[in-house]
Amino acid sequence: MTRFFAAFILTVLALAAKADQVTTYTLDNGMDVVVIEDRRAPVVVHMVWYRVGSADEPEGQSGIAHFLEHLMFKGTDVLEAGEFSQVVAVNGGRDNAFTSFDYTGYFQRIASDRLDLMMQMESNRMTNLALTNDDITFERRVVLEERSQVVESNPGAMAREQFMAAQYQNHRYGIPIIGWQHEIEQLDMPELLEFYRQHYAPNNAVLIVAGDVDPTDVLAMAEQYYGPIPAKADLPDRIRPIEPPQRAERRVTYADPRVSVPYLVRSYLAPQRTSGTQQEAAALVYLAELLGGSPFTSDLGRALQFDSQLAIQTSASYSGMSLDQTTFSLVVAPATGVTLSEAEAAMDDVIAAFMENDIDPARMDAIRTQLRASEIYALDSTQGLARRYGAALTSGLTVEDVQQWPDILQSVTPEQIKDAAANLLNRNQAVTGWVVANQEEAR
Amino acid sequence: MLRILTALWFALLASTAQAEIDIQEITSPGGINAWVVEEPSIPFVALEIRFRGGASLDEPGKRGAVNLMAALLEEGAGDLDAQAFQTAREALAARFRFNASDDTISVSAQFLTENQQEALALLEQALINPRFDQPAMDRVRAQVLAGIASDATNPRSIASAALYAAAYGDHPYGTPLDGTADSVNALTRDDMFDAHRNTLTRDRLYVSVVGDVTVEEVGPMLDALLGDLPAEGPALPEDIAFGLPGGVTVIDFDNPQSVALFGHAGMKRDDPDFFAAFIVNHVLGAGGFQSRLMTEVRERRGLTYGIGSYLAPSFHSETVMGNVASSNATIAEAIDVTRDEWARMAEQGLTEAELDAAKTFLTGEYPLRFDGNAAIASIMVGMQMIDLPSDYVINRNDYIEAVTLEEANRVAAELLRPDDLHFVVVGRPEGLEPTR
């Protein structure tokens with residue numbers, strides 16, 4: 001589905017391109033520019049990322065960042081509604097956009113000789129959106145249908161909303177990116193325009209151009225199209241409410257007859273990657289791999305899927321790419337005849353054993369090798385590299401942080417992992433969620 | 001400044017980029033054909049292997065065998081049980097993916113130049129000497145059964161199962177390739193060895209290799225990897241006509257939205273009119289936000305988050321299909337609009353401007369697909385499976401350009417038959433009468 005919404009934090013590990021492929025620059029108006037050269041195909045990816053996401057929304061207006069993302073494809077002072085995408089398509093390109101907690105991004109993939117045209121249009125809609133009431137009325141229906149399709153029709157997504165709301169009681173990561181239905185229904189022209197005016201500005205944006213381009217040409221083009229847009233002096237600071245200390249375990253059971261296989265999720269509040277200090281996050285990447293990375297070799301997989309056969313599925317996930325405190329999650333789907341209580345107890349036994357025992361040096365080597373190899377495989381996707389820089393630069397990290405990350409990952413020690421695990425694995429800083437078809441299964 | 005945009009569009013169209021890849025066709029000393037692209041800039045290789053046949057070669061009463069067999073290829077081979085095999089793979093940081101679909105077993109591998117020999121030796125074991133250990137089989141069977149149970153409460157899966165059952169009956173296309181709980185529970189280890197011998201055979205093998213490798217290396221590499229597979233497999237199933245007449249089927253499901261899957265018979269991939277049909281469908285429902293269905297159902301009426309149509313020329317049958325999801329209160333309107341657009345395209349065809357816009361998109365977008373070793377390998381193996389020559393990459397845009405408005409509109413009238421459209425709707429649709 002196009003013009004999608006990125007509700008799920010990517011579990012893919014962030015990795016950097018070779019530093020010599022990457023050129024960075026800042027325009028006088030404060031707009032950051034990152035150019036990634038990849039000359040293998042005559043293609044370019046042009047992206048503008050804004051440092052605004054659903055966690056920057058005013059109270060009571062959940063979903064406004066995502067709704068505005070949809071409306072950015074309507075008209076401007078010089079473009080008709082829908083004309084932006086039409087021009088991209090007629091030039092053989094594809095365009096789309098995405099909204100997350102911490103960023104909103106717009107991109108086109110197109111033949112590299114059309115970059116100029118893309119910059120003309122993208123720079124135009126940064127400040128010249130011209131909405132009509134009909135635009136809002138019809139697009140609101142589309143967004144509500146999107147919510148209905150992506151969330152309400154999916155019991156796993158419904159459960160996740162409940163778990164996130166329990167996880168974050170003060171910070172807006174507890175509110176869904178797409179918004180609560182009753183608040184989406186109320187969003188209208190004045191607040192949408194106010195949100196646009198506040199956040200869409202060159203000094204709140206990152207330009208990423210990746211592909212068959214010359215960095216000097218790109219910088220000149222960026223100066224020409226984005227350079228004249230004045231910086232916004234009253235850009236709001238991205239200061240979000242901080243979670244108070246969690247002092248009690250939180251448990252949620254979500255029952256929905258559409259659930260076919262019950263499962264449980266344990267989600268701990270976890271530190272994110274922060275600029276200059278990414279070591280603990282890197283240790284958590286290893287911890288996720290060790291506990292639940294592969295069903296064949298991770299601790300949860302070996303214990304629950306092979307030895308005791310109490311589970312049909314286990315996994316662990318962590319992404320440190322987040323402006324504020326993030327989560328580290330474990331998932332277990334019990335085998336037929338095994339209760340969620342039994343599966344959860346077995347999971348907690350695995351965690352306890354992990355804390356007691358030494359980490360197998362062979363496992364450390366295998367994970368280190370795979371992380372190094374992922375960096376090589378990642379070079380095959382220019383768009384993937386572009387997204388990494390965009391996400392990092394809108395989540396409080398710098399280009400240097402992105403480029404240091406692979407080396408930091410290689411340097412992680414077993415002691416650091418144990419320390420990070422000891423800080424993390426506290427049930428009083430966690431939500432345990434059960435997803436079941438009915439209350440009888442919740443045992 | 002931006003006023004010049006409209007004038008710019010068409011001025012820019014002349015310089016459509018070409019896909020700049022150099023495909024070399026080889027035959028190994030052992031007789032295996034492959035397409036190779038040397039791309040030394042990143043130190044890894046992408047290997048794509050396809051075996052035609054796939055789940056269509058499930059034997060009577062053994063539905064799900066090929067799918068389960070393919071899932072077990074990563075679960076131990078030769079001297080290595082599942083955990084030992086995966087430990088070895090992880091140490092090499094190689095990536096293997098095995099998948100069964102209706103007509104294909106696909107094997108996707110990516111491995112580093114630095115340990116290419118070891119990675120290929122491991123992959124060879126998985127392809128030639130899989131173990132199908134009973135514990136692995138029981139463990140993966142439980143995962144497949146969970147998937148089958150999940151499909152039973154997923155409106156899209158319910159719609160798909162109902163539509164294809166009604167259209168294809170006892171043909172393999174008429175049932176999900178996962179099988180049923182009963183058929184999967186009845187499968188034995190012997191069935192796995194049978195499915196392996198029947199589906200991974202050299203007579204239906206297609207290979208492409210892209211990356212940090214020389215064309216001279218590839219032949220011996222493939223002989224070592226695939227040379228020990230059986231020469232021939234059993235007969236493929238017969239072709240079958242789409243057997244579902246026009247109408248509406250409603251399947252009750254408690255959900256705020258209804259999901260509709262719809263379609264009728266389509267066009268073969270090797271039909272001389274295929275490119276015309278491809279363009280017609282692009283304008284109707286495959287062209288993203290510019291398609292008529294997206295414009296009418298989403299942009300003008302806000303009835304859905306997404307609607308699309310697609311040509312599905314499979315090996316044994318061909319269809320034109322589409323899907324849409326809309327609230328229970330509005331799905332009937334979404335279906336009416338869809339049927340009207342189907343009829344409008346059949347009766348009036350497309351406009352010269354739509355044809356031009358479709359051509360410029362399709363010809364411009366084509367080279368963008370060739371943007372990575374894995375992507376190129378996948379495209380090349382797909383081309384081989386439908387008997388396209390390697391210079392199709394160069395000529396394909398000419399075939400698109402050659403389609404005239406008259407051809408497109410004649411084909412639209414032949415291809416699109418609104419009265420033959422059958423909608424399978426899963427949900428609690430309001431104001432929608434089932435026809436049976």
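Chain identifiers are assigned alphabetically (A, B, ...) following the order of the sequence lines, protein sequences preceding nucleic acid strands; residue numbering begins at 1 within each chain. Note that the structure is predicted; figures quoted are calculated from it, not measured.
For the pair B/Arg301 and A/Phe138, the cation-pi test (distance below 6.0 Å, angle within 45°) is failed.
Of the possible donor and acceptor atoms, none in the side chain of A/Gln86 sits under 3.5 Å from a partner among the backbone N and O of B/Gln290. Between the A/Asp380 side chain and the B/Gly372 main chain, no donor and acceptor come within less than 3.5 Å of each other.
Most heavy-atom pairs under 4.5 Å with chain A: of the set B/Ala374, B/Ser326, B/Ala375, this distinction falls to B/Ser326. Of all the listed residues (B/Gly211, B/Gly302, B/Pro43), the one sharing the greatest number of non-hydrogen pairs under 4.5 Å with chain A is B/Gly302. Among B/Thr87, B/Thr304, B/Leu362, the residue making the largest number of heavy-atom pairs under 4.5 Å with chain A is B/Thr304. Comparing B/Ala142, B/Ala325, B/Pro256 by how many heavy-atom pairs each has under 4.5 Å with chain A, the most go to B/Pro256. Of the listed residues (A/Asp134, A/Ile312, A/Val44), the greatest number of heavy-atom pairs within a distance under 4.5 Å of chain B belongs to A/Ile312. Ranked by heavy-atom pairs under 4.5 Å with chain B, the list A/Ala366, A/Ala81, A/Ser148, A/Ala373 is led by A/Ser148.
Heavy-atom minimum distance, B/Leu368 versus A/Val43: CD2-CG2, 3.6 Å. Contact record, B/Ala357 with A/Val90: CA-CG2, 4.0 Å, taken as the closest heavy-atom pair.
At least one side-chain heavy atom of B/Thr330 sits under 4.5 Å from a side-chain heavy atom of A/Glu145.
Considering CZ of B/Arg95 and OG of A/Ser374, their distance stands at 5.0 Å, rounded to 0.5 Å. A distance of 6.5 Å separates CD1 in B/Ile42 from CG in A/Asp38, rounded to the nearest 0.5 Å. With values rounded to the nearest 0.5 angstrom, A/Gln305 atom CD is found 10.0 Å from B/Gln83 atom CD. The distance from atom OG of B/Ser41 to atom CZ of A/Arg39, rounded to the nearest 0.5 Å, is 13.0 Å. Here the straight-line distance linking atom CZ of A/Arg258 with atom CG of B/Asn154 works out to 10.0 Å at 0.5 Å rounding. For the atom pair B/Phe289 CZ and A/Phe84 CZ, the distance stands at 12.5 Å (nearest 0.5 Å).
Contact annotation for B/Asp254: only backbone heavy atoms (N, CA, C, O) come within less than 4.5 Å of a heavy atom of chain A. Heavy-atom distances place no part of B/Leu145 under 4.5 Å from chain A, backbone and side chain included. Contact of A/Gln383 with chain B is not made at all, since no heavy-atom distance falls under 4.5 Å. Of the atoms belonging to A/Gln370, heavy atoms from both backbone and side chain fall under 4.5 Å from chain B. Of the two parts of B/Phe85, neither the backbone nor the side chain holds a non-hydrogen atom closer than 4.5 Å to a non-hydrogen atom of chain A. Contact annotation for B/Arg300: only backbone heavy atoms (N, CA, C, O) come within less than 4.5 Å of a heavy atom of chain A. For B/Glu74, the parts lying near chain A are the backbone and the side chain together; criterion is any non-hydrogen pair under 4.5 Å. If you measure heavy-atom distances from A/Asp365 to chain B, you find no contacts under 4.5 Å at all. In this structure, chain A has a heavy atom under 4.5 Å from the backbone of B/Ala91, while its side chain stays farther away.
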Step-by-step side chain to side chain contact (heavy atoms under 4.5 Å, CB included) determination, B/Glu39 to A/Arg40: CA-CA 9 Å; B/Glu39 174 53 73; A/Arg40 289 178 300 159; 3.8 Å; yes
With side chain to side chain contact (heavy atoms under 4.5 Å, CB included) as the criterion, how do B/Tyr305 and A/Val150 come out once you've worked through the C-alpha distance, each side chain's angles and the decisive distance to 0.1 Å? CA-CA 9 Å; B/Tyr305 176 46; A/Val150 178; 4.2 Å; yes
Derivation and outcome, side chain to side chain contact (heavy atoms under 4.5 Å, CB included), residues A/Tyr377 and B/Leu112: CA-CA 9 Å; A/Tyr377 294 131; B/Leu112 302 176; 4.0 Å; yes
Determine, step by step, whether B/Arg139 and A/Phe306 satisfy the side chain to side chain contact (heavy atoms under 4.5 Å, CB included) criterion, reporting the C-alpha distance in whole Å, the side-chain angles of both residues, the deciding distance to 0.1 Å, and the verdict. CA-CA 8 Å; B/Arg139 190 163 30 77; A/Phe306 281 82; 3.2 Å; yes
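The pair B/Glu90-A/Arg363 counts as a salt bridge, with a side-chain nitrogen and a carboxylate oxygen less than 4.0 angstrom apart. Using a cutoff of 4.0 Å between basic side-chain nitrogens and carboxylate oxygens, B/Asp371 and A/Arg109 are scored as salt-bridged. Salt bridge annotation for A/Arg94-B/Glu365: present, with a cationic side-chain nitrogen under 4.0 angstrom from a carboxylate oxygen. Note on B/Arg298 versus A/Glu146: no salt bridge recorded, every NZ/NE/NH1/NH2 to OD/OE distance being 4.0 Å or above.
Applying the salt bridge (Lys or Arg N to Asp or Glu O under 4.0 Å) test to residues at least two apart or on different chains, the pairs with a partner in residues 140-152 of chain B are B/Asp138-B/Arg141.
Scanning for ring-ring contact (aromatic ring centres under 6.0 Å, His included) contacts around A/Phe67 gives an empty result, with sequence neighbours left out.
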